[in-house]
**Q** 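After the structure tokens below, expect a handful of questions from me.
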2 protein chains.
Amino acid sequence: MEEAKFESALARKLSSFIKLTPDELGVVADLQSKSVKIKRGKELTAEGQANGRAIILGSGWACSYKIMPDGARQIITFPIAGDCVGVRSILLRTSDHSLSALTDATVSTVEAPRLLQVLNEHPRVGAALMWATSRDEAMVVEHLVSIGRRNALERTAHFFMELAERLTLVGLATSTEFKCPLNQYVLADALGLSAIHVNRVLRQLRERDLMTVKSGKVIIHDLSGLCALAGYHKMDGGRTAIE
Amino acid sequence: MEEAKFESALARKLSSFIKLTPDELGVVADLQSKSVKIKRGKELTAEGQANGRAIILGSGWACSYKIMPDGARQIITFPIAGDCVGVRSILLRTSDHSLSALTDATVSTVEAPRLLQVLNEHPRVGAALMWATSRDEAMVVEHLVSIGRRNALERTAHFFMELAERLTLVGLATSTEFKCPLNQYVLADALGLSAIHVNRVLRQLRERDLMTVKSGKVIIHDLSGLCALAGYHKMDGGRTAIE
DNA sequence: CGACGCTTTGACACAACTCAACAACCGTGG
DNA sequence: CCACGGTTGTTGAGTTGTGTCAAAGCGTCG
């Protein structure tokens, strides 16, 4: 994984699960062959909309969310480069959440039949894709736990730890620093807080010399301190039972 | 679906998705052929434990949860009769949450290879299983939204609406009433509240003539009122794009 | 009967929200 | 080059939803 250049973030991510053959890497590349440029703010999927396709994010940031009747928004996750959205729900008739681009982005759409075909003909690629989506689901669960049982400070710290790990997996973060286009309003909607409280929490994290969020960049000052505060455990990035 | 007697809750649930042939129903029954009786309180899977198998709940109630370093618990979902746990994470080396029986229960264990075999040889059954798990995942997402953006009253109301719908799907609830062995401590850990506040919320629901929870039984007095309060929308129980 | 598990209630504390400003930043256009 | 508006960040004061602590009521079961 060190020196090799991957064609896509997805290929890089999957490779940390199982080493793919050139042939299989070709399949992964092919899934993303018809990529489209998307403008920041564009809605990619609306809740309730007809479904039957998955989306692969080639670059940029997005957010999947639900809107409440009173207009409040809960962000479920921030898909980043290399993430696949909607794989699991390809069987459901309608999408259960909305998806918007937070920055300019490139996306590829994969229709259900094509995906099923890959799963059949390239089981190892399929397994890797399923591994990646399982991982994403595990993060949704962790997010739920976070909102349910961590206070604002722990929750925020945990969120950034997780984000850092995800970004690292696709080569977008070092152990101390990464770019992050999320403003405090967006963070608030993800963390289940008010934007103002997010501000106070970020200040605390800064004053405790744990991390700094400024102008689109996150800097980690004290990784172990953050992990301790958040009760964060690194995800299982290891090999699977199969293969 | 009306008069037919199904051998299992799972068969009944899947049948509401696609009508299964007798042959396929046999497959579903076979998956549950080696069922085991489990005592209330028994832990079925521990977080971090080696995985590679799914569990089908034949009867009884369970809860899947995570424990925080300080001992707090967040319940993610309450598997009931007909639910499959751990299907998606069969590829992950370790389980990402714990699972305990809340009541005496019967469970069947399905090893990964067997499940993959079914998915291959009986794609329609496989699709139905994937539909069911997708549905469960959508509920986890909704649960996240609930904790993040609904207040205690709305959240509780929403929880019971969802529960009622799930129980109905396996024939364990009428539109106005169902058995429910969840006490206020357990509810609290699911709703991200304190047990005492759950009590206050339940009182409010009672005083507003919306619903009553008493001695293991839930009675819905005003369904539309509850839905309005909770912002609840029935899940898509309809047919899929495939088949 | 006593013990235990669960529910109910009250008084109080505190985390997080709301409202209301203001400050810093940034790209745009005069 | 500076003035400008829009977006984002920062701060303070006061409110409120929910948590904590403490205690009592109530069934059920041994």
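Each chain gets a letter, A, B and so on, in the order the sequences are listed, and its residues count up from 1. Predicted model, so just to flag it, every value in this text is computed and none were measured.
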**Q** Counting only N and O atoms by type, is there a donor-acceptor contact under 3.5 Å from the side chain of B:Ser134 to the main-chain atoms of A:Arg88?
**A** yes
**Q** Nearest whole Å is fine: how far is C:dC26 C1' from A:Lys214 NZ?
**A** 16 Å
**Q** Rounded to the nearest angstrom, tell me the gap between atom CG in B:Asn183 and atom P in C:dC4.
**A** 18 Å
**Q** Enumerate the protein-to-nucleotides 28-30 of chain D contacts in which both atoms are nitrogen or oxygen and the separation is below 3.5 Å.
**A**
none

**Q** Give me the atom names and distance for the closest heavy-atom approach of B:Thr103 to B:Trp61.
**A**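 B:Thr103 and B:Trp61 have their closest heavy atoms at OG1-N, 2.9 Å.
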**Q** Dump the intermediate steps for side-chain contact (heavy atoms from CB on, under 4.5 Å) on B:Leu182 and B:Phe160, then the final yes or no.
**A** CA-CA 11 Å; B:Leu182 310 175; B:Phe160 280 108; 5.6 Å; no
**Q** Does the protein touch nucleotides 8-17 of chain C at the base, only the backbone, or not at all? Give it as B, S and - per nucleotide, heavy atoms under 4.0 Å.
**A** BB-B----BB
**Q** Indicate yes or no for a side-chain donor-acceptor contact from A:Asp189 to the backbone of A:Val186 under 3.5 Å, with no hydrogens or angles considered.
**A** no
**Q** For A:Arg40 and C:dG27, what is the distance between atoms CZ and P respectively, to the nearest whole Å?
**A** 11 Å
**Q** Would B:Gln74 and B:Met68 count as a side-chain contact (heavy atoms from CB on, under 4.5 Å) here? Give the steps.
**A** CA-CA 8 Å; B:Gln74 178 63 48; B:Met68 314 294 297; 5.5 Å; no
**Q** Would you say the side-chain atoms of A:Ser89 pair up with the backbone N or O of A:Ser95, donor to acceptor, closer than 3.5 Å?
**A**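 Side chain of A:Ser89 to backbone of A:Ser95: no pair is present.
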**Q** Starting at atom CD of A:Gln204, determine the distance to atom P of D:dT11, rounded to an integer number of angstrom.
**A** 12 Å
**Q** Under 4.5 Å between any side-chain heavy atoms of A:Arg155 and A:Leu193, yes or no?
**A**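 Answer yes - side chains close enough.
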**Q** Find the distance B:Asp189:CG to D:dG19:P and express it as a whole number of Å.
**A**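 Going from B:Asp189 (CG) to D:dG19 (P), I get 11 Å.
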**Q** What is the distance from CG of B:Leu191 to P of D:dG17, rounded to the nearest Å?
**A** 18 Å
**Q** Is the side chain of B:Thr106 donor-acceptor paired with the backbone N or O of B:Ser59 at a distance under 3.5 Å, no angle test?
**A** yes
